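Below is one structure, written out as structure tokens; the observations come after it.
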Amino acid sequence: MLLFIAVIIIASAIIAYFGSLKIFDIIFLSVSAISTTGLTTIGIQSLNDIQKIIIMLLMFIGRIGPLSVVMLFIPDVPNHKKFKGDKYE
């Protein structure tokens, strides 16, 4: 839940930086994109390319889940335990 909120806040800040939309419209668009509902208060064609890319990333993150996205960037921890017979060593 907190991860969703953090992603929405960061994406909304980026969208606001690259455009001149109302903050309500930006937050509504971000929440709609990450929840994959498809609702909007503005025309998507009025967004510039960077804003559209951010919206596409939000849709992708919302579809697969933010925790899965974070797990993509965490390196694997090697497992040094070996299974022999009935015990781990």
Side-chain angles (χ1 to χ4, degrees):
M1 182 70 175
L2 290 176
L3 198 53
F4 265 113
I5 294 171
V7 170
I8 289 169
I9 290 171
I10 292 168
S12 296
I14 294 171
I15 292 170
Y17 180 76
F18 287 106
S20 60
L21 301 171
K22 296 177 189 173
I23 192 68
F24 174 78
D25 293 333
I26 293 170
I27 293 173
F28 190 89
L29 184 63
S30 297
V31 171
S32 175
I34 202 163
S35 63
T36 62
T37 57
L39 301 174
T40 183
T41 57
I42 59 169
I44 298 297
Q45 64 273 12
S46 66
L47 300 175
N48 61 31
D49 291 338
I50 295 173
Q51 292 170 323
K52 288 178 185 176
I53 290 171
I54 298 299
I55 295 300
M56 286 187 285
L57 289 173
L58 283 175
M59 290 178 188
F60 182 73
I61 291 170
R63 178 68 182 119
I64 64 171
L67 189 58
S68 299
V69 173
V70 170
M71 294 299 288
L72 287 173
F73 299 107
I74 296 176
D76 291 336
V77 177
N79 188 358
H80 295 290
K81 294 182 179 180
K82 294 181 181 178
F83 184 72
K84 290 187 179 178
D86 293 333
K87 297 182 182 180
Y88 282 104
E89 294 181 357

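In this chain, residues are counted from 1 in sequence order. Quick caveat, the model's predicted, so the values are computed rather than measured.
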Is there a side chain to side chain contact (heavy atoms under 4.5 Å, CB included) between L58 and V31? Walk through the geometry before answering. CA-CA 9 Å; L58 283 175; V31 171; over 6 Å; no
If you count the non-hydrogen atoms of other residues, nucleotides and ligands that lie under 6.0 Å from CG in L2, is the total more than 12?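 Not buried by this count: 12 neighbours or fewer within 6.0 Å.
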Measuring from [X]:[atom1] to [Y]:[atom2], what's the distance to the nearest 0.5 Å?
X	Y	atom1	atom2	answer
T41	L21	OG1	CG	8.5 Å
L47	I15	CG	CD1	7.0 Å
Q45	K52	CD	NZ	7.5 Å
I55	I34	CD1	CD1	10.0 Å
I64	M71	CD1	CE	12.0 Å
Q51	I44	CD	CD1	9.5 Å

same_hphob_cluster([X], [Y]) at 4.5 Å side-chain heavy-atom cutoff:
X	Y	answer
M59	I27	yes
F4	F60	yes
I9	L57	no
I5	F28	no
Y17	L29	yes

Mind running side chain to side chain contact (heavy atoms under 4.5 Å, CB included) on S32 and T40 for me, showing each step along the way? CA-CA 7 Å; S32 175; T40 183; 5.7 Å; no
Backbone N/O of F18 and side chain of N48: donor-acceptor pair under 3.5 Å: yes
Of all heavy-atom pairs between S30 and A11, which one has the smallest distance, and what is that distance? OG-C, 4.5 Å
